[in-house]
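The next block holds one structure in the form of structure tokens; read it before the comments.
Within every chain, numbering begins at 1; the chains are lettered A, B, ... in the order of the sequence lines, protein sequences first and strands thereafter. Remember, it's a predicted structure, so these values are computed and weren't measured experimentally.
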Number of protein chains: 2
Amino acid sequence: MSVQRKPKKQSAHSSQPPKQKSGKRLAPNLRAEQILKGAIRFFAAHGFSGQTRELASDLGISKGLLYRYFPSKEALIESVYQEVFLRRWSPTWQAVLTDRNRPLIERLKAFYADYAKLPLEYEWGRIYLYAGLAGASINRRYVRLANERIFRPVIDELRHEFGFRPIEQLEITEPEMELMWSLHGSIFYIGMRKWVYHVKAPSDIDGAVKQLVEGFYANARTMMHATLPRNMSL
Amino acid sequence: MSVQRKPKKQSAHSSQPPKQKSGKRLAPNLRAEQILKGAIRFFAAHGFSGQTRELASDLGISKGLLYRYFPSKEALIESVYQEVFLRRWSPTWQAVLTDRNRPLIERLKAFYADYAKLPLEYEWGRIYLYAGLAGASINRRYVRLANERIFRPVIDELRHEFGFRPIEQLEITEPEMELMWSLHGSIFYIGMRKWVYHVKAPSDIDGAVKQLVEGFYANARTMMHATLPRNMSL
DNA sequence: CTGTTTAATGAGCGTATGCTCAATAAGAAG
DNA sequence: CTTCTTATTGAGCATACGCTCATTAAACAG
């Protein structure tokens with residue numbers, strides 16, 4: 001079992017014929033960040049069945065180095081989830097949605113103009129889909145977040161706007177929830193057209209989102225008046 | 001090398017210890033069909049990176065047999081596309097949508113109640129997503145089909161209903177197209193909630209689709225009156 | 001039964017892929 | 001320069017995966 005040391009001379013230079021080198025010997029925190037960002041780009045493009053060899057080659061580093069910073073491919077993917085889905089949630093959204101000094105329709109337009117950037121982004125959308133198809137739990141976690149911080153507050157604001165009981169007094173109905181889902185589905189689908197189907201997306205995305213929010217608002221009013229009991233205080 | 005014949009009695013009955021055996025030596029057309037159906041189920045669940053070995057094992061046949069009926073995994077996938085996306089298009093949809101003896105809103109509800117079954121189906125939805133993420137051309141082909149046979153006819157019928165010029169005289173506008181996409185996106189997203197995110201879907205799917213169509217119809221009227229030129233003949 | 005056809009099998013080939021580890025060298029400190 | 005630390009490398013292992021092909025046996029004709 002004696003490992004015969006190979007005298008392999010091969011002195012340093014001769015260097016890199018292949019890709020762009022990263023200026024070797026980075027500080028660990030910088031290298032980790034670089035790998036994570038590269039992994040997001042890579043997995044968004046190739047899915048999670050993409051090979052670690054190819055990812056390393058894209059980054060201009062060796063495959064071994066990858067495993068110095070992330071113990072396994074699975075751990076790397078988990079870090080990708082964290083970075084993509086949880087680090088981008090803006091803390092100001094809550095305040096925007098519930099600021100009753102502004103007209104609700106205006107708040108909704110402002111919020112969705114900003115929020116829609118997430119699902120309309122290439123990396124966010126594709127990784128979200130790959131994760132969902134793979135059965136990862138991140139999607140359910142994200143949906144729970146969106147439900148608590150967007151769906152429920154928006155419905156409560158709509159109730160207030162149109163003169164119905166708040167959701168603490170009258171639980172959210174299925175038609176109300178479906179209307180919320182419909183809005184989010186329509187927004188997400190714009191991204192899918194761009195990043196999954198590669199068909200024409202609207203030239204004016206902000207305008208398209210605005211149109212969706214207006215339609216949502218109008219349909220919400222109609223639907224609530226048709227299905228909710230009148231507020232006693234009126 | 002004399003292969004010692006094992007006396008393995010096991011006459012027909014006693015049958016399957018491992019999986020469901022397929023009752024061996026099927027007629028070629030039946031076997032091909034069985035493999036194709038199994039492949040649809042399998043790829044919908046595991047994606048196209050699923051292994052042929054596992055597919056064969058699921059079917060209860062050897063991996064070699066798979067390659068007797070389909071020359072390569074790629075060819076099998078192509079057959080899956082054909083079967084899932086092109087064999088399920090109903091020839092009666094056109095007639096339903098354009099039958100001006102019925103009120104348009106009624107036609108729309110009837111059509112989408114039927115059509116929505118496609119994207120809301122487990123296999124259809126997941127395979128459509130996997131194909132799109134893999135960059136297959138089938139999605140673009142499908143979108144072109146939907147555009148010609150659904151989007152354009154529906155917009156033309158809406159124009160007629162609300163008193164605007166037909167699409168041959170006035171090309172479809174971006175807001176009109178976005179409204180169509182929004183409806184389809186909302187429907188598709190119901191399926192995604194079920195088959196991709198595994199979160200709660202509406203208990204009454206037919207009712208949810210009906211609500212979406214009603215909202216779509218109302219928003220279409222508002223939007224057309226706000227953005228299209230009045231019909232000269234009025 | 002015998003012979004013929006062909007559906008079906010599974011060992012095995014070449015390559016791909018996640019991951020390890022001994023060796024190497026870049027940079028800092030003296 | 002020398003010494004020390006540690007970021008970085010890449011050959012290599014074990015297994016996975018698409019696919020082939022020689023062999024086997026089910027069904028049928030005579």
Side-chain angles (χ1 to χ4, degrees), chain A residues 1-19 21-35 38-39 42-43 46-78, chain B residues 1-13 15-16 18-19 21-35 38-39 42-43 46-78:
Chain A
M1 278 293 190
S2 63
V3 180
Q4 195 66 16
R5 187 74 35 82
K6 281 197 234 116
K8 210 176 9 167
K9 201 54 182 314
Q10 197 214 36
S11 59
H13 44 289
S14 86
S15 289
Q16 51 283 44
K19 304 238 165 180
K21 267 291 154 45
S22 45
K24 30 187 65 176
R25 213 171 167 83
L26 277 187
N29 56 338
L30 292 181
R31 182 65 82 193
E33 186 189 346
Q34 179 216 25
I35 290 176
F42 180 80
F43 287 132
H46 301 91
F48 295 119
S49 51
Q51 320 167 20
T52 54
R53 270 173 172 77
E54 199 187 335
L55 167 58
S57 153
D58 278 13
L59 285 164
I61 65 176
S62 70
K63 55 198 156 72
L65 192 55
L66 225 52
Y67 287 89
R68 183 179 174 87
Y69 291 93
F70 297 90
S72 68
K73 187 183 183 181
E74 200 185 332
L76 176 58
I77 290 173
E78 199 53 46
Chain B
M1 278 294 189
S2 63
V3 179
Q4 196 66 15
R5 186 74 36 83
K6 284 197 234 112
K8 207 174 16 158
K9 202 52 183 314
Q10 200 215 36
S11 56
H13 43 293
S15 293
Q16 48 280 52
K19 305 242 163 175
K21 264 294 157 41
S22 45
K24 27 187 66 174
R25 214 175 166 81
L26 277 187
N29 56 337
L30 292 180
R31 182 65 82 191
E33 187 189 346
Q34 179 216 26
I35 291 176
F42 181 80
F43 288 131
H46 302 91
F48 295 119
S49 51
Q51 320 167 20
T52 54
R53 272 173 171 76
E54 199 187 335
L55 167 57
S57 151
D58 278 12
L59 285 165
I61 64 177
S62 70
K63 54 197 155 72
L65 191 56
L66 225 51
Y67 287 89
R68 182 179 173 89
Y69 290 93
F70 296 90
S72 69
K73 187 184 184 181
E74 201 186 331
L76 176 58
I77 290 174
E78 197 53 48

Checklist entry - If you measure from CG on A/Asp58 to NE2 on A/His46, what distance do you get to the nearest 0.5 Å? => result 6.5 Å
Next on the checklist: How long is the straight-line distance from CG of A/Leu55 back to CG of A/Leu76, given to the nearest 0.5 Å?
Outcome noted: 6.5 Å
Item to check | Residue list, salt bridge (Lys or Arg N to Asp or Glu O under 4.0 Å) with B/Glu54, at least two apart or on another chain | outcome: none
Checklist entry - Partners of A/Glu33 by salt bridge (Lys or Arg N to Asp or Glu O under 4.0 Å), sequence neighbours excluded? => result A/Lys37
Checklist outcome for this item: In whole angstroms, the gap separating P of C/dT20 from NZ of A/Lys73 amounts to 14 Å
Could you list all N or O pairs between the protein and nucleotides 3-6 of chain C that sit under 3.5 Å apart?
from, atom 1, to, atom 2, distance (Å)
C/dT6, O3', B/Arg68, NH2, 3.2
C/dT6, O2, B/Arg25, NH2, 3.4

Checklist outcome for this item: Rounded to whole Å, NZ of A/Lys24 lies from C1' of D/dT6 at a distance of 15 Å
Item to check | Candidate list B/Leu66, B/Leu30, B/Leu26, test side-chain contact (heavy atoms from CB on, under 4.5 Å), partner B/Ile35, passing option | outcome: B/Leu66
Under 3.5 Å, N/O pairs linking protein and nucleotides 11-14 of chain C:
from, atom 1, to, atom 2, distance (Å)
C/dA11, N6, B/Lys63, NZ, 2.3
C/dG12, O6, B/Arg53, NH2, 3.3
C/dG12, O6, B/Lys63, NZ, 2.6

Checklist entry - Taking the side chain of B/Leu65 as heavy atoms from C-beta outward, which of C/dT9, D/dG18, C/dC19 is closest to it? => result C/dT9
Checklist entry - How long is the line joining CG of B/Leu30 and P of D/dA27, in whole Å? => result 14 Å
Checklist entry - How close or far is atom P of C/dA26 from atom CZ of A/Arg31, stated in whole angstroms? => result 14 Å
Item to check | Results of side chain to side chain contact (heavy atoms under 4.5 Å, CB included) for B/Ser49 - residues two or more places apart only | outcome: A/Ser49
Item to check | ring pair (Phe, Tyr, Trp, His ring centres under 6.0 Å): pairs with one or both residues in residues 47-75 of chain B, sequence neighbours excluded | outcome: B/Phe43-B/Phe48, B/Phe48-B/Tyr81
Checklist entry - If you take all heavy atoms of A/Arg31 and A/Ile61, which pair is closest and at what distance? => result NH1-CG2, 3.6 Å
Checklist entry - When you measure from the side chain of A/Tyr67, which nucleotide among C/dG18, C/dA8, D/dA7 comes out closest? => result C/dG18
Checklist entry - Rounding to a whole Å, what distance do you find between A/Ile61:CD1 and C/dA26:P? => result 17 Å
Next on the checklist: Of the options C/dC19, D/dA7, C/dT9, whose atoms approach the side-chain atoms of B/Ser62 most closely?
Outcome noted: C/dT9
Checklist entry - How close or far is atom C1' of D/dG18 from atom CZ of B/Phe48, stated in whole angstroms? => result 16 Å
Item to check | d(CG, B/Leu55; C1', D/dA16) in whole Å | outcome: 16 Å
Checklist outcome for this item: Taking every heavy atom of A/Lys63 against every heavy atom of A/Arg53, the minimum-distance pair comes out as CD-CG, 3.8 Å
Checklist entry - Looking for any heavy atom pair under 4.0 Å, which part of the strands does A/Phe70 touch: base, sugar-phosphate only, or nothing? => result nothing
Item to check | Nearest-Å distance for atom pair CG/P, residues A/Asn29 and D/dA7 | outcome: 11 Å
